[in-house]
Engineer: 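What follows is a structure written as structure tokens; I'll ask about it next.
Any value given below was found using the heavy atoms of this structure, including those in side chains, with hydrogens, waters and symmetry copies removed. Here is how names work: the chains are called A, B, and so on, in the same order as the sequence lines, proteins then strands, and each is numbered from 1.
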2 protein chains.
Amino acid sequence: MPRELSPAMEDYLLAIYRLESDDRRVTTGDIAQELGVSAASTTSMFKRLAQERLVVYREYGGVTLTEAGRASAIGLVRRHRLAERFLTDLLALPWDDVHRIADRLEHALPPEVIERFDGLLNHPRTCPHGHPIPDAQGELPERAMRPLSALAEGEEAVILQVEERDPELLRYFAERGLRPGRRVAVLDREPLEGALLVAVNGRPTLVSPRAAASVFVNGEVEA
Amino acid sequence: MPRELSPAMEDYLLAIYRLESDDRRVTTGDIAQELGVSAASTTSMFKRLAQERLVVYREYGGVTLTEAGRASAIGLVRRHRLAERFLTDLLALPWDDVHRIADRLEHALPPEVIERFDGLLNHPRTCPHGHPIPDAQGELPERAMRPLSALAEGEEAVILQVEERDPELLRYFAERGLRPGRRVAVLDREPLEGALLVAVNGRPTLVSPRAAASVFVNGEVEA
DNA sequence: AGAAGGATTTAGACTCGTCTAAAAACGTCC
DNA sequence: GGACGTTTTTAGACGAGTCTAAATCCTTCT
């Protein structure tokens, strides 16, 4: 049974979860960078989380989430994404703002409120940026994705999700209609820098390399 | 311009505001009791608040809010009560629960969200327990009130607000229909203990002394 | 295999918010 | 006007979370 975690513990747990999804074994340096704290702080928090049996910590060897740690992290993800949905859909706040607000709210919203959001919003399956919302049991669908930047010339795909942490980028996406559900087709690739000419909603649109790496579409990554 | 206050500072500020409304000059002991902390903690927080120019602190003489301190406190009250309204009206959470939840939320809800609540709820004038919500300029209507326990036999009045911090009491009120807006008439007074027989919605209802002291109705307190 | 270089951990300090115990001030009562 | 009891403040400690600087460990390269 998870006694109340401090906001700081929750932030670390979430960062570990995020990075663990990508590769394996998360290091002190990874988390320090991800959270913008010193490596020393990260080490001491790793010890604290290990004491609470939320991670397994090996000196000089990073951490992995335990089942309890993963469950807490997934709960946090659910809170965060439902809060974002609430903020955009019911309060009509702009999608480039809600991530920041949800980062604060996720530490303060009790389960009752989260479950009411879920009901009121009709059990949404993704956050406003397209990221899937875990269900109340912590189940999260696996989705095959690749960055828009990986599409070959002439390929078509549907946007599944976009990187949500950079407000400027999100405003740029909104302007150009790059949002989850939209169909895109790569018309032309600029070989040197990697800029793309993409048809979004039929309209030809220039997409910078950084932006194209932050938009994810359906399909398997090439082996 | 009020830089971000810590949750603890906000709690103290709010407690000072609450007690200042009653009498004058709030003492260390008052706040220690109100917040359930030691007198020593209260002294050191008084110094911190004084340094931020939120209160005027005199050694051994308690504190009074400055204009900035009062403005912050009223902002907090607005956040808290709008959050309560939101929780009952939009999320359908029970009125005995929302005070506790709003106590956490009031430290995390940014102004954008509060103002959206206000709009979405159509600028409510009171919280679910009948307490007035300050407007965005911090204006708060003065209302003449007295406790139900002060009514003479045969008197009639309208419930304006009820004490909101005791969930058990609130469930008791809900059961008996004692809520803001209801008309009540004192049918009989029990002189020794102070129990009342009150007509609520036409139905005769026995009201304990403690409960009667926690329900406030319109009218001037006798001089 | 040893040394260089990078990552991690330890050591020590700081702030915030809390506590208990002791000291100081206040105010009241005779 | 002094003595006593209450209130407030001071002193000192602690935990959480952070930092910087120093020490230590790990890895890799020659």
Engineer: Rounding to a whole Å, what distance do you find between B:M45:CE and C:dC16:C1'?
Structural biologist: 8 Å

Engineer: At 4.0 Å (heavy atoms only), tell me whether A:A8 reaches a base, stays on the sugar-phosphate, or touches nothing.
Structural biologist: sugar-phosphate

Engineer: Is A:T27 near enough to C:dT8 that one of its side-chain N or O atoms lies under 4.0 angstrom from OP1 or OP2?
Structural biologist: yes

Engineer: A cation-pi test, strictly: NZ or CZ of B:R176 under 6.0 Å from the centre of the six-membered ring of B:F173 and no more than 45 degrees from its axis. Yes or no?
Structural biologist: no

Engineer: Does B:S38 place a side-chain N or O at less than 4.0 Å from the phosphate oxygens OP1/OP2 of C:dT18?
Structural biologist: no

Engineer: Starting from the 5' end of DNA chain D, give me the residue, A:P7 or B:G62, whose nearest nucleotide shows up first.
Structural biologist: B:G62

Engineer: Provide, to the nearest angstrom, the distance between the CG atom belonging to B:D30 and the P atom belonging to D:dT9.
Structural biologist: 12 Å

Engineer: How long is the straight-line distance from CG of A:L151 back to CZ of A:R146, given to the nearest 0.5 Å?
Structural biologist: 4.5 Å

Engineer: Does D:dT18 have OP1 or OP2 sitting under 4.0 Å from an N or O in the side chain of A:S41?
Structural biologist: no

Engineer: Report the nucleotide, chosen from C:dA21, D:dT8, D:dC19, that has the shortest atom-to-atom distance to any side-chain atom of A:A40.
Structural biologist: D:dC19

Engineer: Does a side-chain N or O of B:K47 approach OP1 or OP2 of D:dT10 to a distance below 4.0 Å, or not?
Structural biologist: yes

Engineer: Looking at B:H129, B:E84, B:E163, B:R81, which hits side-chain hydrogen bond (donor to acceptor under 3.5 Å, both in side chains) with B:H99?
Structural biologist: B:E84

Engineer: What is the distance from CG of A:L5 to P of D:dA16, rounded to the nearest Å?
Structural biologist: 13 Å

Engineer: So what does A:T28 hit on the nucleic acid, given a heavy-atom distance under 4.0 Å: a base, only sugar-phosphate, or nothing?
Structural biologist: sugar-phosphate

Engineer: What integer distance in Å separates B:M9:CE from C:dG17:P?
Structural biologist: 7 Å

Engineer: Does a side-chain N-to-carboxylate-O contact under 4.0 Å join A:E112 and B:R100?
Structural biologist: yes

Engineer: Which one, C:dT10, C:dT18, C:dG17, comes nearest to the side chain of B:R48?
Structural biologist: C:dG17

Engineer: Can you say whether the rings of B:F86 and A:F86 are parallel (under 30°), tilted (30 to 60°) or perpendicular (over 60°)?
Structural biologist: tilted

Engineer: Could you tell me the separation between the CD1 atom of A:I31 and the P atom of D:dT18, rounded to a whole number of Å?
Structural biologist: 13 Å

Engineer: I need the NE2-P distance between B:H107 and C:dG17, as an integer number of Å.
Structural biologist: 11 Å

Engineer: Under a 4.0 Å heavy-atom cut-off, which of residues 53-60 of chain A touch DNA chain C?
Structural biologist: A:Y57, A:E59, A:Y60

Engineer: Is the closest side-chain donor-acceptor distance between B:H107 and B:D11 under 3.5 Å?
Structural biologist: yes

Engineer: For the pair made of CG in A:L35 and P in D:dC19, what is the distance, rounded to whole Å?
Structural biologist: 10 Å

Engineer: Within the 4.0 Å heavy-atom criterion, would you say B:S6 contacts the bases, only the backbone, or no part of the nucleic acid?
Structural biologist: sugar-phosphate

Engineer: Answer yes or no: is there an ion pair linking B:R165 with B:E34, defined by an N-O contact shorter than 4.0 Å?
Structural biologist: yes

Engineer: Given salt bridge (Lys or Arg N to Asp or Glu O under 4.0 Å), test A:R25 with A:E20 step by step and report yes or no.
Structural biologist: CA-CA 7 Å; A:R25 258 204 129 61; A:E20 214 179 48; over 6 Å; no

Engineer: Starting at atom OH of B:Y12, determine the distance to atom P of C:dC16, rounded to an integer number of angstrom.
Structural biologist: 14 Å

Engineer: Just call it for B:F46: base, sugar-phosphate, or nothing, with non-hydrogen atoms closer than 4.0 Å on any strand.
Structural biologist: nothing

Engineer: For A:T42, answer base if it contacts any base atom (sugar-phosphate contacts may also be present), sugar-phosphate if it contacts only those atoms, and nothing otherwise; contact means non-hydrogen atoms under 4.0 Å.
Structural biologist: nothing

